[in-house]
Amino acid sequence: MVQRLRVRYAKRGRLRFTSHRDISRAVERAVRRADVPVAFSAGFSPHPRISYVGAAAPTGVASEAEYLEISVTRRCDPDRLRAALDTSLPPGLDVLTVIEAAGGNLADRLECSAWELRLPQADSALAEAAVEGFNAAERVEVERLTKKGLRRFDAREAVLSLEVAEGTETTAGQGSSQPCVILRMVVRHATPAVRPDDVLTGLRLVAGFAPPVPPEVTRLAQGPLDVGTGEPADPFGPDRDITRGGEAEPVGGHVGGDL
């Protein structure tokens, strides 16, 4: 390995129903198609050094902020690699950004996530009352079935912000004039992880609020918590700062091959 590249990608449209295992297979195929000089692990059964960073968005949930790292055997231009990898992936798995890793642990920077939940046909007044009750509560204990059995935990403490907005319905990317309640939240990453469906369960327990149809859930961002805005900051910021400051070799230096 001579270079480590950090990738932000999106999971959109019908691809939100793809499992994480199928996504990892699609990425490995795309790496081969794009002729990325990926490094391989040592041992009897070597595998490509592609690591997925942070907790993957659940199956059925769209995301604009999933992360992985690729180790390569020769230096690559991040912009060329982004274009080649994006072209090789199926529509709906979209590579948004590729940047050279300049040190540090990317997983440590993913402190929180921003989520959007679109609730078609939901009553906005009931949603407002439920959110107000949830925000005012000290604890909201919910239950979720895990691999280790039924687990009970507090869904309130990890929620840094929760608010209601109004918009219009969307179905498979198609807009509609029908009103739609939108919940936006920022959730701190914790153990156990508090997911959007846990918050919806909490709203039902606190105020009896339940969406009439399944919600459309999207992870908008994840990164270190910006205490000024209360939102996730760009986790690639330190990599960009070091590169611009001259402490790391400029991106694209000593590029070999087509990438």
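A salt bridge does not link Arg82 with Asp79: none of the charged nitrogens is closer than 4.0 Å to a carboxylate oxygen.
Atoms CG and OH, from Asp94 and Tyr9 in turn, are 11.5 Å apart once rounded to the nearest 0.5 Å. The OG1 atom of Thr218 sits 10.0 Å away from atom NZ of Lys11, with the distance rounded to the nearest 0.5 Å. Expressed to the nearest 0.5 Å, how far CG of Leu203 lies from CG of Leu119 amounts to 9.0 Å. How far CZ of Arg21 is from CD1 of Ile23: 13.0 Å, rounded to the nearest 0.5 Å. Taking CZ of Phe134 as the reference point, atom CG of Leu200 lies at 9.5 Å (rounded to 0.5 Å). Between Leu15 atom CG and Leu89 atom CG the span is 9.0 Å, to the nearest 0.5 Å.
The closest side-chain heavy-atom distance from Val27 to Val7 is not below 4.5 Å. Taking the side chain as every heavy atom from C-beta outward, Ser124 and Val181 approach each other to under 4.5 Å. The closest side-chain heavy-atom distance from Trp115 to Arg219 is below 4.5 Å. At a threshold of 4.5 Å between non-hydrogen side-chain atoms, the residues Ile70 and Leu85 count as touching. Counting heavy atoms from C-beta outward, Phe153 and Val194 have side chains that approach closer than 4.5 Å. For the pair Arg152 and Glu143, the minimum side-chain heavy-atom distance is below 4.5 Å. Arg156 is not listed as a side-chain neighbour of Glu141, based on a closest heavy-atom distance of 4.5 Å or more. Contact of the Leu225 side chain with the Leu160 side chain is registered, since non-hydrogen atoms from C-beta on lie closer than 4.5 Å.
Within the 3.5 Å criterion, the main-chain N or O of Arg118 finds no donor-acceptor partner in the side chain of Glu216. When atom types are taken as modelled, the side chain of Asn135 and the backbone of Glu132 share no donor-acceptor pair closer than 3.5 angstrom. Between the side chain of Asp226 and the backbone N or O of Pro232 there is no donor-acceptor pair closer than 3.5 Å. A donor-acceptor distance shorter than 3.5 angstrom exists from the side chain of Arg8 to the backbone of Glu64, with no hydrogens or angles considered. Of the possible donor and acceptor atoms, none in the side chain of Asp239 sits under 3.5 Å from a partner among the backbone N and O of Ala101. Without hydrogens or angle criteria, Asp86 side chain to Val95 main chain gives a donor-acceptor distance under 3.5 Å. A distance-only check finds a donor-acceptor pair linking the side chain of Gln3 to the backbone of Cys76 [under 3.5 Å].
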Let me check something: any side-chain donor-acceptor pairs from residues 182-191 under 3.5 Å, sequence neighbours excluded? List them with distances.
unit_1, atom_1, unit_2, atom_2, d
Arg184, NE, Glu116, OE1, 3.4
Arg184, NH2, Glu116, OE1, 3.3
His189, ND1, Leu110, O, 2.7
His189, NE2, Ser113, N, 3.4
His189, NE2, Ser113, OG, 2.7

Pairs of donor and acceptor atoms involving the side chains of residues 46-53, under 3.5 Å and at least two apart or interchain, shall be tabulated with distances.
unit_1, atom_1, unit_2, atom_2, d
His47, ND1, Ser41, OG, 3.0

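Connection of Leu68 to Phe40 is established within a shared hydrophobic cluster, with ILVMFWY side chains joined at heavy-atom distances below 4.5 Å, either directly or through further cluster members. Connection of Leu220 to Tyr67 is not established within any shared hydrophobic cluster, with ILVMFWY side chains joined at heavy-atom distances below 4.5 Å, either directly or through further cluster members.
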**Report entry** Working for side chain to side chain contact (heavy atoms under 4.5 Å, CB included), residues Arg109 and Gln222
**Finding:** CA-CA 9 Å; Arg109 302 176 193 169; Gln222 58 175 326; over 6 Å; no
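For the pair Val206 and Ala130, the tightest heavy-atom approach, listed with the atom from each and the gap, is CG1-O, 4.5 Å. The two residues Ala127 and Val164 come nearest to each other via the heavy atoms O-CG2, 3.9 Å. Between Val213 and Pro120, the shortest heavy-atom distance links the atoms CG2-O, 3.4 Å. Closest approach of Asp108 and Glu111 over heavy atoms only: O-CG, 3.8 Å. Of all heavy-atom pairs between Pro78 and Leu5, the closest is CG-CD2, 4.1 Å. Of all non-hydrogen atoms in Ser63 and Ala57, the two that sit nearest each other are CB-CB, 4.1 Å.
Exactly one residue among Arg75, Arg6, Arg4 makes a salt bridge (Lys or Arg N to Asp or Glu O under 4.0 Å) with Glu100. That residue is Arg75.
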